[in-house]
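Just below is one structure, and these are the notes that go with it.
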Amino acid sequence: MNRAILDALTPEQKEAVTHIEGPLLVLAGPGSGKTRVITHRIAYLLEQGIPDHQILGITFTNKAAREMADRLDRLVPGHQVWLGTFHKFCVRLLRRYAERAGIDENFVIYDTSDRQAVIKQVMDELGIDRTSLAPKLVETMISRAKNDFILPKQFAHRASSPLEEAVAKIYNRYETLMREQNALDFDDLLVLAATLLADDQQLRSTLDQHLRFILVDEYQDTNEVQYRIVRLLSQDEPHLCVTGDPDQSIYGWRGANIKNILRFERDYPNCRVVRLEQNFRSTASILEAANQLIRHNRMRKRKVLRTTKPKGQPVAVRCYANEHEEAEAIAAEIKQAVTDGRRTYGDFAIFCRIGALTRLLERALRAQGVPYQILSGVAFFERMEIKDVLAYLRLLVNPRDNVSFLRAIKSPPRGVGDTTLKRLTEWADALGLSCLEAAARADQLPGIRPAQRNALRAFAELFQRWRQQTDRPLAEQIRAIIDESGYLQWVAHQPEGEERQANIEELVTAAAEFEEETDSRTLADFLATSALTTDLDRWDPEQGAVSLMTLHAAKGLEFPVVYIVAVEEDILPHARSADSQEQLEEERRLLFVGITRAQEELYLSYARERSFRGMVSVTVPSQFLNELGIPVVDCSGRLGTHGDWDQFGANELHWLHSSRPNRQTTGRRSRSRSSTRRTMTGGTGATGAGHERAGSQTARAGTLGGNEELAIGTRVRHDRYGIGYVICVEGQGQTRRVRVAFSRHGVRSFLATKAKLEILR
DNA sequence: TGACTGTCTGAATAA
DNA sequence: CAGACAGTCA
C-alpha cells in the first residue's frame, strides 16, 4: 500500500477517499481539501486494482483537470486516467461515435461570436428585425434552452409569448443551419452527447459499464444536460462520486442547477454523504467574514466553516474617492510589500466582478512596474487575428463552415464585398452548395463582375491546394496558410500589426506543441482544443506576477493576498441581478467565492465615484459590505491626486450640486453615510439567517408618510431602481412627493405615500 | 461596388 | 471605450 495516499488525511477525508463502490456525495466547503480528496481517491481506486480506463474524472475547467492530473501523477506515476471537462469529454465521445450521433466527425466548434453570426443570418433570413429583438437575447435564450435540454420542437411547443415564438422559429432554423454547416456550438456538444446516450441504449450501457467510476467536481455548477449525461453513465455501475458546495454555485445564469447537488441524495438513495467543513486555507478573520456574508442567503443548507488557524490580519474594507485612486493604491501597496521583502508578486490576486474593470488596474500596475497576468478580458483565442487564422483552418477542415468562409474571405480584403457575398450565399443556398463550393464555381454565378468572379475562384483554389498538404505537420500547414493567403503580410500593416503577428506566431507555436504533446495530430483536434481553451488555462501560478481576474475565474484558486475591487451596488451585486432573489443570492455567493480564495490577507474596496460610459457616476457601496459587519477605512485622497475630498462623503454633495440646487441638511446625511458599518439588512437580502443581527433597522414602505425619515439625503432602496438618495421632498400630505437620485437610473419622483421605498439607515 | 471613416449607441459572468 | 452602422470616396 502506498502510504502517501492515506497519510495526513482527516477522518472525513479518509472516509471519502476509501469509499469504493456505490454513490458518494462530498459536500466540501472552500479550502477543505476537496481536490486532495478527489486525487487521493482516484489513487486509492488504482491502488485497489481498478483499471485506470474505468475511471473518468470530470472537472469544470481545463486548469482544474491539469492540476488534478499533476497531483495524481505524483501519487501514481504513469496512470492513464482520463481527466477533463464535460465539453472535452463530449467532443471525444462525439468524434468517436460521430456516425451514431448523426454528425460528420470533422465538425467544428462555434464560439459565441460565430454563433451570433449565425443567429443574425437566420434573423435576416426570417425577416425578424434585429433592432427590436436583440440577437444577443436570442442567443441567451437558445443557449439556455439547450442547457435545460429543451430541443427546438419542445421549445416551440412551450412557447407562450410572441417573443418565445419568434425565438422558437430562430432556434429551429439555427439548428438546421448549424447541421448543414457541420458546426456545433458549445451547448451542442453537451446536448448531442446526451441525446446520443439517451437514444442509443446499447452504446449507453456499454459506456456505463466501461466507465465504472465517474467523478464529477463542482457538481453544484452542473446544468440539466450535464446532469443527464452523468446519470446516463451511472445506472448499471453507479459508483458515482460528486463533489461540490452549494454555497459556491455561481453559474446559475448559464443554466447550472443548484438542485442537482441538493437532490443527489434522492437520486441515489443509498449514497454515502461526507461533509468537509474544516478549512485549511484561510485565517479565522477571513473565514468569519465569509460566514457572516453567506448566512444572509436564504436558500441554502446551513453550514459553518471552521478553522484552527489564528485570526491573522483583520479583513479590511476600504473606500477610495474614485476608481483611479483605488487602482493606484492597490498597485502601490503591492509594490511596497514586495519591495519590503514581505511578499512576492505571485502572492497577490485582484478580483473584480466584470472583466472590463481589469483595464484600470492593469494600467496602474504597469505604471508602477508591477508584473501581472490577466485571466479574463479578451481571451487569446478570441482575438481578431487569431479568429481570422482559425477561420482559414476551420474552413480547411470543414469546407461547409460558411461562417468561417465569410470571415476568411474578408481578411485580407480581396475586393469581394457584401453585395457579391450576398449573391454568392443565395446562389449557394439555392443549389444546396456550401459557400466554398459555390466560390469554386463562381464562373457560373450570375450577376457579378469578372473581378469578383476571379477573386472568388482564386480563394477557392487556395483551399484546393492546401487540402493536398494535410499530411504535413500542423505548424507547417498553418504557416503555408497565413503566408499564401497573404494574411500575415496584410495584418502586419494593420494597427498594432506587430502584436498581432506575434500572436499568430504564438498560435503556430501552440500548434507545434499540441502536435508534440498529444497523440492526436489532426487539425480538427487542434481546433477543438483551441475552442475549448480559455484564458484561465494559460494561467501560470509560478510566473511571479500579480493575477488579475474576474470572480468567476477565481473559483478553485487560492492566493495569500486577495483584493476584491468595486464592491459597489450595480457592480457586485450586478445591476442585472436586481430583479430576483435567486440572482441576488448568486451574487452573494460570488463574493463568497472571492473571499474564500484568500489565505492570509483580504481587502475589499469600493470607490465613491466611478466613470461609466465616459460619464462620472456616484456609486453606492454594496449591500454585501454591510453584511460583513466590518468598519470601512476611508482611504480617499490618500494619494493626493484628486484634491481634497470631503471627509464625510463627497458623493452626496455631488448629487445635490448636480441634480438640485437644494443643499440643506447635508450635515446629517454626511454622518449617516460616512460609515457603512450599520447593518442595512435589505428586505430582499436578509430575511434569512442573518436577521437577528443587531442594528438591523429596516423600515418598510408605508412609514414614509410619517416623513421624519424623509430628510434629504436619506438612503432608500427601490425594488426596481436599486439604492439611491432622497434629494428633494415637496408638497404635503397625500400629494407629498419625494425625488430620489439613483446611481444608475437618474432622478425619479415618487408619491411619498405610495412609493415602494425602503428606508435604509 | 468595395473600402474606409466618422458617429452613434450601449456595455456580465464563460465552456 | 468598443462594435455597429450609415455615409462618402475611389
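Convention: sequence-line order gives letters A, B, ...; per-chain numbering from 1.
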For the pair [X] and [Y], find out whether any cationic side-chain nitrogen is under 4.0 Å from an anionic carboxylate oxygen.
X        : Y        : result
A:Arg383 : A:Asp388 : no
A:Lys259 : A:Glu224 : no
A:Asp187 : A:Arg115 : yes
A:Glu627 : A:Arg588 : yes

Write down the distance between [atom1] ([X]) and [atom2] ([N]), rounded to a whole number of angstrom.
X        : N      : atom1 : atom2 : answer
A:Phe186 : B:dA15 : CZ    : P     : 8 Å
A:Lys410 : C:dG3  : NZ    : C1'   : 14 Å
A:Ile119 : C:dA4  : CD1   : P     : 14 Å
A:Arg383 : C:dA2  : CZ    : P     : 13 Å
A:Gln116 : B:dA14 : CD    : P     : 16 Å
A:Arg359 : C:dC1  : CZ    : P     : 9 Å
A:Lys63  : B:dA15 : NZ    : P     : 12 Å
A:Glu586 : B:dT13 : CD    : C1'   : 9 Å

Under 3.5 Å, which N/O atoms of the protein pair with N/O atoms of nucleotides 2-4 of chain B?
{"unit_1": "B:dG2", "atom_1": "OP1", "unit_2": "A:Gly417", "atom_2": "N", "d": "3.0"}
{"unit_1": "B:dG2", "atom_1": "OP1", "unit_2": "A:Thr420", "atom_2": "OG1", "d": "2.2"}
{"unit_1": "B:dG2", "atom_1": "OP2", "unit_2": "A:Thr419", "atom_2": "N", "d": "3.2"}
{"unit_1": "B:dG2", "atom_1": "OP2", "unit_2": "A:Thr419", "atom_2": "OG1", "d": "2.9"}
{"unit_1": "B:dG2", "atom_1": "O5'", "unit_2": "A:Gly417", "atom_2": "N", "d": "3.3"}
{"unit_1": "B:dA3", "atom_1": "OP1", "unit_2": "A:Gly415", "atom_2": "N", "d": "2.8"}

Checklist entry - Considering only B:dA14, B:dA15, C:dC5, which nucleotide approaches the side chain of A:Arg130 most closely? => result C:dC5
Item to check | A:Arg115 side chain, from C-beta outward: closest of B:dA12, B:dT1, B:dA15 | outcome: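 Nearest nucleotide to the side chain: B:dA15.
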Checklist entry - Do A:Phe459 and A:Phe405 have their ring centres less than 6.0 Å from each other? => result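 Aromatic pair counts; centres sit under 6.0 Å.
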Checklist entry - Do A:Trp253 and A:His552 have their ring centres less than 6.0 Å from each other? => result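 Between A:Trp253 and A:His552, the centre distance is under 6.0 Å.
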Over all strands shown, is [X] touching base, sugar-phosphate only, or nothing at heavy-atom distances under 4.0 angstrom?
X        : result
A:Thr112 : base
A:Phe86  : nothing
A:Asp111 : nothing
A:Lys120 : sugar-phosphate
A:Arg353 : base

Checklist entry - Under the criteria of a ring-centre distance below 5.5 Å and an interplanar angle below 30°, is A:Tyr251 stacked with the base of B:dT13? => result no
Checklist entry - Under 6.0 Å from the six-membered ring centre of A:Phe89 and within 45° of its axis: does the NZ or CZ of A:Arg92 meet both? => result no
Checklist entry - Does OP1 or OP2 of B:dA12 have a side-chain N or O of A:Ser577 closer than 4.0 Å? => result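 For B:dA12, neither OP1 nor OP2 has a side-chain N or O of A:Ser577 closer than 4.0 Å.
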Checklist entry - Can you tell me if the side-chain N/O atoms of A:Arg254 get under 4.0 Å from OP1 or OP2 in B:dA12? => result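 Answer no for this pair, as no side-chain N or O of A:Arg254 is under 4.0 Å from OP1 or OP2.
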Item to check | Given DNA chain B, 5'-ward residue of the pair A:Leu532 and A:Arg449, judged by closest heavy atom | outcome: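 Closer to the 5' end of DNA chain B: A:Arg449.
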Item to check | Along DNA chain B (nearest heavy atom to each residue), the more 5'-positioned of A:Lys88 and A:His574 | outcome: A:His574
Item to check | Option from A:Glu326, A:Glu569, A:Glu325, A:Glu323 for which salt bridge (Lys or Arg N to Asp or Glu O under 4.0 Å) with A:Arg610 holds | outcome: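 The single option meeting the salt bridge (Lys or Arg N to Asp or Glu O under 4.0 Å) with A:Arg610 is A:Glu326.
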